[in-house]
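Below, chain A is the first sequence line, B the second, and so on; all start at residue 1.
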Number of protein chains: 2
Amino acid sequence: MSDSDLHLENQLCFALYRASRMIQQVYRPMLEELGLTYPQYLVMLVLWERGSVTLKELGAALELDSGTLSPLIKRLKAAGLVTSARRVTDERSVEIALTPEGRALRERATDIPHKIGCATQMQVDDIISLRSMLTDLAASLADSHTKATKD
Amino acid sequence: MSDSDLHLENQLCFALYRASRMIQQVYRPMLEELGLTYPQYLVMLVLWERGSVTLKELGAALELDSGTLSPLIKRLKAAGLVTSARRVTDERSVEIALTPEGRALRERATDIPHKIGCATQMQVDDIISLRSMLTDLAASLADSHTKATKD
DNA sequence: GGCAATTTAATTGCGCACAACTTAATTGTG
DNA sequence: CACAATTAAGTTGTGCGCAATTAAATTGCC
């Protein structure tokens with residue numbers, strides 16, 4: 001183990017941290033036009049795909065818990081983009097659904113992926129390859145983490 | 001532009017967001033033993049490398065502003081790991097330096113990079129390659145962002 | 001059927017990130 | 001030298017992330 005192992009620029013974690021924050025900076029002005037924050041946009045992506053989901057399903061898709069999602073959904077409700085209601089078959093669950101306004105917002109988001117693609121200055125194949133490596137990495141890390149914490 | 005462009009799992013941004021948060025989860029229990037949060041650890045990495053830096057230099061290294069760093073440094077001071085003082089040659093700048101305790105903490109962090117490496121379940125060369133791609137991506141995104149916002 | 005264990009959300013508290021603003025010191029220019 | 005422009009930190013306010021706790025509904029087991 002060399003000394004350079006503790007240098008900032010040699011850390012994979014810092015490269016991830018920086019790239020993740022930087023891409024959110026690129027999204028910010030585009031999402032601002034839609035009145036969304038970045039995590040709110042991710043929630044809308046799930047809803048545009050599935051129409052309606054429970055908070056638990058949303059949490060599974062985004063790997064976020066109710067501590068993050070409950071207040072976020074409250075803000076999306078206040079913005080008139082979603083509704084939420086307890087399920088009649090199981091009152092523990094909350095079903096989140098799109099309002100017509102929430103569904104309509106999708107049209108104003110369709111050009112965002114292309115704009116982001118341009119900003120990366122990468123070939124489509126390279127983006128797909130990088131995305132795949134990151135997904136595999138996340139899975140490996142989740143694996144190590146659950147093993148380490150014995151749950 | 002296909003419909004699938006707006007699917008969560010197809011987004012590079014989400015893969016980054018998830019991997020970045022996941023790796024921080026793996027760091028968390030290790031850093032907890034040192035009494036550090038993840039961003040505090042990044043600050044300590046810079047200080048272990050350079051000994052002392054101004055807040056501005058720290059911000060340049062981590063791409064964080066005083067709004068994030070000022071309160072973070074206040075907490076590291078309270079923990080007895082760093083000192084901070086206005087520069088005599090330029091009272092606008094604040095010099096952050098390690099205390100002996102802060103310097104000593106490095107010894108307890110030396111095995112972290114290896115543990116993280118194991119958790120990734122990746123070959124060293126692949127980690128280096130991925131890190132390099134992320135660094136390049138961050139640079140491209142920063143480039144697009146500064147061009148788009150004209151500064 | 002009764003009740004303990006489990007499941008699902010919501011709440012609380014803390015520490016980032018980041019935009020916007022304020023304050024104070026320094027630099028540059030006429 | 002005066003003073004406008006710039007630079008560096010700090011402050012304020014908002015919205016995450018995440019751990020820990022609480023509350024309520026459901027499930028499972030006797």
Looking at [options], which one has an atom nearest to any side-chain atom of [X]?
{"X": "Leu55(B)", "options": "dA19(D), dT8(C), dA9(D)", "result": "dA9(D)"}
{"X": "Arg92(B)", "options": "dT6(D), dA25(D), dA10(C)", "result": "dT6(D)"}
{"X": "Lys56(B)", "options": "dC18(D), dT8(C), dA8(D)", "result": "dA8(D)"}

Taking only N and O in the side chain of [X], is any of them less than 4.0 Å away from OP1 or OP2 of [N]?
{"X": "Arg86(A)", "N": "dA25(D)", "result": "no"}
{"X": "Tyr17(B)", "N": "dG17(D)", "result": "yes"}
{"X": "Thr68(B)", "N": "dA17(C)", "result": "no"}
{"X": "Arg87(B)", "N": "dA8(D)", "result": "no"}
{"X": "Lys74(A)", "N": "dG15(D)", "result": "no"}
{"X": "Gln25(A)", "N": "dA19(C)", "result": "yes"}
{"X": "Gln40(A)", "N": "dC16(D)", "result": "yes"}
{"X": "Arg75(A)", "N": "dC16(D)", "result": "yes"}

More 5' along DNA chain D: Glu91(A) or Ser93(B), using each one's nearest nucleotide?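 Nearest-nucleotide comparison on DNA chain D picks Ser93(B).
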Practice item. For Asp90(A) and for Leu64(A), locate the closest nucleotide of DNA chain D by heavy-atom distance; then report the residue assigned to the nucleotide nearer the 5' terminus. Key: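 Counting from the 5' end, the first nearest nucleotide belongs to Leu64(A).
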Taking [atom1] from [X] and [atom2] from [N], how many angstroms apart are they, rounded to a whole number?
{"X": "Leu42(A)", "N": "dG15(D)", "atom1": "CG", "atom2": "P", "value": "17 Å"}
{"X": "Glu57(A)", "N": "dA9(C)", "atom1": "CD", "atom2": "C1'", "value": "14 Å"}
{"X": "Leu69(A)", "N": "dG15(D)", "atom1": "CG", "atom2": "P", "value": "15 Å"}
{"X": "Met22(B)", "N": "dC18(D)", "atom1": "CE", "atom2": "P", "value": "9 Å"}
{"X": "Asp65(B)", "N": "dA9(D)", "atom1": "CG", "atom2": "P", "value": "11 Å"}
{"X": "Glu63(A)", "N": "dC18(D)", "atom1": "CD", "atom2": "C1'", "value": "14 Å"}
{"X": "Glu32(B)", "N": "dA19(D)", "atom1": "CD", "atom2": "P", "value": "9 Å"}
{"X": "Arg18(B)", "N": "dG17(D)", "atom1": "CZ", "atom2": "P", "value": "15 Å"}

Any Gln11(A) side-chain heavy atom under 4.5 Å of Tyr17(A) side chain: no
Report which part of the nucleic acid [X] touches: base, sugar-phosphate, or nothing (heavy-atom distance under 4.0 Å, all strands).
{"X": "Leu72(A)", "value": "sugar-phosphate"}
{"X": "Thr37(B)", "value": "sugar-phosphate"}
{"X": "Gln24(A)", "value": "nothing"}

For the pair Tyr27(B) and Tyr41(B), name the ring-plane relationship: parallel under 30°, tilted 30 to 60°, perpendicular over 60°.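 Rings of Tyr27(B) and Tyr41(B): tilted, as their planes differ by 30° to 60°.
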Problem - Of Thr89(B) and Gly67(B), the one whose closest DNA chain C nucleotide lies more 5' - result: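 Looking at DNA chain C, the more 5' nearest nucleotide goes with Gly67(B).
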Could you measure the distance from the [atom1] atom of [X] to the [atom2] atom of [Y]? Nearest 0.5 Å is fine.
{"X": "Thr120(A)", "Y": "Ile127(A)", "atom1": "OG1", "atom2": "CD1", "answer": "3.5 Å"}
{"X": "His7(A)", "Y": "Leu45(B)", "atom1": "NE2", "atom2": "CG", "answer": "9.0 Å"}
{"X": "Arg18(B)", "Y": "Leu42(A)", "atom1": "CZ", "atom2": "CG", "answer": "10.5 Å"}

Between Arg87(B) and Glu95(B), does any NZ, NE, NH1 or NH2 come within less than 4.0 Å of an OD or OE carboxylate oxygen? yes
Query raised in the report: With a 3.5 Å cut-off and just heavy-atom distances, do the side chain of Ser66(B) and the base of dG10(D) make a donor-acceptor pair?
Result: yes
